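I have placed the structure first, in the form of structure tokens, so that the comments after it can refer back to it.
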Amino acid sequence: MTHPILRIDGLNKWYGTHHALRQIDLALAAQERIVICGPSGSGKSSLIRCINGIEPFETGSVQVCGTTLTPAGGDLVAVRRQVGMVFQQYNLFPHLTALQNCTLGPVSTRRLSERDAQAAALALLERVRVAEHAHKLPAQLSGGQQQRVAIARALCMQPALMLFDEPTSSLDPEMVKEVLDTMVALAQSGMSMLCVTHEMGFARQVADRIVFMDDGQILEIAPPHEFFGSPQHERTRAFLGDVLRH
Amino acid sequence: MRFVATQRIAPAPPPRDAAGWRARLRLRLFRSAGSSIVTIALALAGALLAWRLFTWGVRDALFANHGPEACRAPGVGACWAVVGEKLRLILFGIYPYAQQWRAGCAVLLVVAMLALSTLRRLWHWPLLLAWASVLALYGVLMWGGVFGLSYVPDDQWGGLPVTLILATLGLAAGFPLAIGLALLRHSPRRGIGKAFAVAYIELTRSVPLLAVLFFASVMIPLFLPQGWDVSKLLRVLLAFAGFIAAYLAEVVRGGLQSIPKGQLEAAAALGLSRTVTTLRIVLPQALSAVIPAIVNVFIAFFKATSIVVVVGIFDLMTAANRAAADAVWQGFGTEIYLFVAAVYFAFCSAMSWYSARLQRTLPARGAP
């Protein structure tokens with residue numbers, strides 16, 4: 001593996017006495033796409049939220065693009081500058097237009113001029129195909145459009161790594177595809193991605209490796225054809241049996 | 001059984017008797033016999049009251065000033081002449097009569113500035129500068145002592161200029177203080193700041209405004225060293241602002257609590273600083289969520305300025321009392337108080353109208 005842009009070593013996290021993440025080790029190479037799956041409550045979301053410091057953790061370390069986060073803290077600003085994040089509930093700022101959602105970060109943290117930030121944001125909104133809605137408020141957009149704006153907003157910060165926390169889980173079925181298409185296109189452009197998702201079709205198509213988690217622990221890591229073709233851990237087999245049986 | 005639609009059903013207007021004002025009227029006011037009786041009874045009572053008011057206030061009223069005796073003639077209704085007679089006393093109190101044009105200008109200036117401030121496209125830094133200059137101008141006009149204007153100490157100010165400046169400056173100074181207190185109290189981090197905010201808000205809210213005003217007007221001078229003198233108006237103004245801040249802070253805190261956690265996480269993930277997150281993400285949403293409650297506090301305190309009468313400040317209400325107490329025009333207090341009520345109503349209804357409009361036009365907090 002080339003030098004990883006993300007490296008998680010011996011990470012443990014507790015919610016009170018509940019051991020939510022247990023001894024997580026994971027590395028992600030530049031331009032690699034990893035999909036994390038597993039049953040709900042298995043710690044998938046907690047794990048990726050530890051990567052950009054939205055959740056604290058108790059032991060271990062996270063290294064992103066040369067910056068290290070430890071339980072004591074670290075340079076959160078540097079990490080967040082490198083890492084974009086897309087949430088399940090979009091979390092767009094409801095009082096700002098799609099365009100303003102995209103320019104606020106670059107203008108206030110990267111010291112871009114309003115004009116440059118707008119040009120860059122419009123190009124990205126074009127790329128996720130919502131440019132015609134640039135001047136609308138989030139409430140005027142469909143869920144799928146909001147999520148694509150959220151992707152553009154994260155991309156505006158020119159991240160080296162994109163985290164997706166179940167980006168299609170709160171979308172109507174008709175809108176899942178438009179968001180997944182956007183993510184596939186992003187993957188094809190060479191973006192490093194870490195995605196928590198239940199979309200197995202997406203995982204099969206895009207992922208370089210699939211991580212299966214249960215009960216706060218990584219149980220299996222495998223390339224898609226092996227993961228779906230010959231899952232090794234019995235929990236993986238049970239999970240896939242439940243997920244793929246339609 | 002199988003069904004397949006064969007044609008599209010075109011949208012049609014609703015049936016006539018379900019829509020339109022006749023239908024709505026019937027539905028709301030004449031739905032049943034009981035409802036019809038109540039409607040008719042209330043309509044009659046309302047009409048009677050309106051007629052009595054009209055005959056007293058307009059038909060039999062005296063508008064022209066022919067002295068108090070003309071008003072006391074039998075069959076005469078409202079004596080609006082007294083309002084004209086006492087207008088300048090009511091509006092400007094004991095401000096030197098010959099100089100009252102200055103107080104008038106000061107009022108117009110503040111009212112114009114308040115009106116301008118309602119325009120959202122002017123909400124930029126220059127507006128603050130404009131306010132600063134208007135307040136300076138207000139001071140120059142009211143105090144004088146420069147540009148050939150004679151000096152009028154602020155214990156001779158009175159009436160509307162005092163009410164307006166107490167309300168405007170009290171709210172304007174109380175509001176930022178309230179936001180600061182609310183942010184401190186809402187902060188997840190414990191510390192001196194938070195403890196101070198909690199103590200300040202709880203202590204202030206548990207003391208009557210009356211007591212705070214007495215403290216400001218009577219007690220503070222006792223604590224100040226000899227020769228130090230802060231005018232009573234200024235002391236009362238500060239007390240007022242501090243008191244308002246405690247109430248507003250709790251309203252603002254309610255707004256802060258309504259911000260979903262996801263908003264803060266999104267801001268954090270974008271790498272926004274705490275300052276940017278607070279100023280650009282949290283406060284705009286928090287404040288617009290509690291506009292009705294904020295305006296409620298504003299209206300309550302606009303009227304509460306009339307309490308300053310107890311510490312001898314000559315506001316609009318005090319001036320009205322003075323006017324109504326005139327021995328020559330005795331017995332016409334109703335007219336004077338109605339006029340003053342109309343003045344208060346004009347300002348308060350303008351505030352509530354503006355808050356309704358602001359809520360309609362501010363970007364919606366649109367959670368899907």
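Computed from a predicted structure; not experimentally measured. Residue numbers start from 1 in every chain, and the chains themselves are labelled A, B, ... in the order their sequence lines are given, proteins ahead of strands. The figures here come from the full heavy-atom set of this structure, side chains too, leaving out hydrogens, waters and symmetry mates.
Scanning both residues, B/G271 and A/R80, for their nearest heavy atoms gives CA-CB, 3.9 Å. Residue A/F87 comes nearest to B/A266 through the heavy atom pair CE1-CA, 3.7 Å, listed as atom of the first residue, atom of the second, then distance.
Residue A/R153 touches chain B through both its backbone and its side chain, counting heavy-atom pairs closer than 4.5 Å. For A/V77, no part lies under 4.5 angstrom from a heavy atom of chain B. Contact annotation for A/F93: both backbone and side-chain heavy atoms come within less than 4.5 Å of a heavy atom of chain B.
In this structure, CG on A/L104 lies 5.0 Å from CD1 on B/I281, to the nearest 0.5 angstrom. Remark: A/L96 CG to B/Q285 CD distance equals 7.5 Å, nearest 0.5 Å. The NE2 atom of A/H95 sits 9.5 Å away from atom CG of B/L283, with the distance rounded to the nearest 0.5 Å. Once rounded to the nearest 0.5 Å, the distance linking CG of A/N91 with CD of B/E265 reads 6.5 Å.
When the shell of 6.0 Å around CZ of B/R205 is examined, it contains more than 12 heavy atoms from other residues, nucleotides or ligands. Heavy-atom contacts from other residues, nucleotides or ligands closer than 6.0 Å to CZ of A/R110 number more than 12. Taking a 6.0 Å sphere around CD of A/Q140, one finds it holds more than 12 heavy atoms contributed by other residues, nucleotides or ligands. At most 12 non-hydrogen atoms from other residues, nucleotides or ligands lie less than 6.0 angstrom from CZ of B/F345. By the 6.0 Å contact criterion, NZ on A/K177 is open, its count of non-hydrogen atoms from other residues, nucleotides or ligands being 12 or less. B/I192 CD1: 12 or fewer foreign heavy atoms inside a 6.0 Å radius. The local environment of CZ in B/R253 is crowded, with over 12 non-hydrogen atoms from other residues, nucleotides or ligands closer than 6.0 Å.
Here the side chains of B/Q263 and A/P94 are in contact, with some heavy-atom distance below 4.5 Å. Contact annotation: the side chain of B/L272 approaches that of A/T109 to within less than 4.5 Å [non-hydrogen atoms, C-beta and beyond].
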